[in-house]
Amino acid sequence: MENLKEKLNQFDKPTITFFFIMLAYHMLANINYGDDVSYFQNVLAGSQDYIGDTIRFSFERYNTWSSRTIIEIFVIYLAHLPHIVWRIADTMMWMLLYSPMINLLDIKTEKMRWSLTILLLLFPFKYTGTAGWICTSLNYTWPTALGLYFFSIVREWRKSTSVSTATTISALLALVYAANEEQMSAVLFIVLSAVLLQDIFQKHVNSLVL
């Protein structure tokens with residue numbers, strides 16, 4: 001019994017709680033409405049040439065609304081897959097949003113992780129499905145999660161932490177997706193510009209001291 005208690009205490013209870021609540025919420029969500037079914041499901045409906053039609057769709061969308069071209073490729077494919085794929089994928093994106101926040105905020109204690117969990121659970125999740133769960137989440141939740149993930153890797157680079165090649169590639173891919181959404185692109189530009197200016201200023205100060 002004592003060994004069982006010790007093993008249970010090793011689990012990150014706030015993170016596990018957040019995961020199961022988000023998974024339950026996604027499994028219960030009704031995603032049969034909005035732009036997912038009225039527009040994006042129709043893009044490749046009956047197509048025998050997914051790649052060709054995807055390219056034509058991308059050119060058309062770029063010429064009418066140049067942002068989110070990469071994102072909407074993911075949307076049209078996810079809109080045609082069984083809904084369980086989105087339910088699991090979006091749950092994992094919320095976990096990806098949650099984990100970098102612990103790193104970026106330098107949260108050390110379980111009490112602070114519980115606070116973060118509660119704050120995130122207070123978010124009105126219904127707004128992430130206003131225009132359809134798939135298109136809204138891929139256009140807003142996913143760029144935010146991937147942007148935070150990229151920032152967390154940048155933090156490791158700046159700490160001179162050894163980062164694997166696979167992690168570096170995943171961070172750059174996350175950057176490409178996140179930057180395809182205009183609000184997140186602005187956030188990325190502001191934060192990375194501030195980081196660059198800080199580094200330049202620090203090097204200047206160091207050179208004066210030396």
Do [X] and [Y] sit in the same hydrophobic cluster, where Ile, Leu, Val, Met, Phe, Trp and Tyr count as joined when their side-chain heavy atoms come under 4.5 Å apart?
{"X": "I51", "Y": "V43", "answer": "yes"}
{"X": "F151", "Y": "L197", "answer": "no"}
{"X": "M112", "Y": "L122", "answer": "no"}
{"X": "W114", "Y": "L97", "answer": "no"}
{"X": "L173", "Y": "W142", "answer": "no"}

Taking only residues at least two apart or on different chains, which pairs with a member in residues 174-196 satisfy side-chain hydrogen bond (donor to acceptor under 3.5 Å, both in side chains)?
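Pairs touching residues 174-196 that pass the test: S67-E182, R68-E182.
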With a 4.5 Å cut-off on side-chain heavy atoms, are [Y] and [X] touching?
{"X": "D106", "Y": "R155", "result": "yes"}
{"X": "I88", "Y": "M27", "result": "yes"}
{"X": "T15", "Y": "Y98", "result": "yes"}
{"X": "F150", "Y": "L192", "result": "yes"}

Non-hydrogen atoms of [X] and [Y] that approach each other most closely:
{"X": "I70", "Y": "F74", "answer": "O-CD1, 3.3 Å"}
{"X": "V163", "Y": "T168", "answer": "CG1-OG1, 3.7 Å"}
{"X": "I107", "Y": "M101", "answer": "CD1-O, 4.5 Å"}
{"X": "P143", "Y": "I71", "answer": "CG-CD1, 4.0 Å"}
{"X": "M184", "Y": "T144", "answer": "SD-CA, 4.1 Å"}

Pair [X]-[Y], side-chain donor/acceptor within less than 3.5 Å:
{"X": "N30", "Y": "W133", "value": "no"}
{"X": "S170", "Y": "T167", "value": "no"}
{"X": "Y127", "Y": "T136", "value": "no"}
{"X": "Y77", "Y": "T54", "value": "yes"}
{"X": "Y149", "Y": "S99", "value": "no"}

Verdict with supporting geometry, F18 and W94, side-chain contact (heavy atoms from CB on, under 4.5 Å):
CA-CA 9 Å; F18 184 72; W94 275 97; 4.2 Å; yes
Atom [atom1] of [X] and atom [atom2] of [Y]: how far apart are they, to the nearest 0.5 Å?
{"X": "T141", "Y": "L146", "atom1": "OG1", "atom2": "CG", "result": "10.5 Å"}
{"X": "D90", "Y": "M95", "atom1": "CG", "atom2": "CE", "result": "12.5 Å"}
{"X": "S115", "Y": "L105", "atom1": "OG", "atom2": "CG", "result": "11.5 Å"}
{"X": "L138", "Y": "T128", "atom1": "CG", "atom2": "OG1", "result": "11.5 Å"}
{"X": "I16", "Y": "T117", "atom1": "CD1", "atom2": "OG1", "result": "11.0 Å"}
{"X": "E72", "Y": "E60", "atom1": "CD", "atom2": "CD", "result": "10.5 Å"}

I'd like to know whether M93 forms a side-chain contact (heavy atoms from CB on, under 4.5 Å) with M22, so could you lay out the CA-CA distance, the side-chain angles of the two residues, the decisive distance to 0.1 Å, and finally the verdict.
CA-CA 10 Å; M93 274 297 168; M22 292 306 300; over 6 Å; no
Enclosure of F20 CZ (heavy-atom neighbours >12, cutoff 6.0 Å)
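Incorrect, the count does not exceed 12.
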So with a 6.0 Å cut-off around CZ of F189, is the heavy-atom count from everything else above 12?
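No - once you tally the heavy atoms of other residues, nucleotides and ligands closer than 6.0 Å, there are 12 at most.
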Could you please spell out the steps behind the side-chain contact (heavy atoms from CB on, under 4.5 Å) verdict for F40 and I134?
CA-CA 9 Å; F40 290 104; I134 295 174; over 6 Å; no
Answer yes or no: is there a donor N or O on one side and an acceptor on the other, between the side chain of [X] and the main chain of [Y], under 3.5 Å?
{"X": "T130", "Y": "K126", "value": "no"}
{"X": "D36", "Y": "C135", "value": "yes"}
{"X": "Q41", "Y": "A79", "value": "yes"}
{"X": "R113", "Y": "I102", "value": "no"}

Which class fits the ring pair Y25 and F125: parallel under 30°, tilted 30 to 60°, perpendicular over 60°?
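Taking F125 first and then Y25, their aromatic rings sit tilted (interplane angle of 30° to 60°).
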So among I73, D53, I76, which one has a side-chain contact (heavy atoms from CB on, under 4.5 Å) with S58?
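Exactly one pass, corresponding to I73.
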side-chain contact (heavy atoms from CB on, under 4.5 Å) evaluation trace for L23 with R87:
CA-CA 8 Å; L23 182 62; R87 295 180 195 276; over 6 Å; no
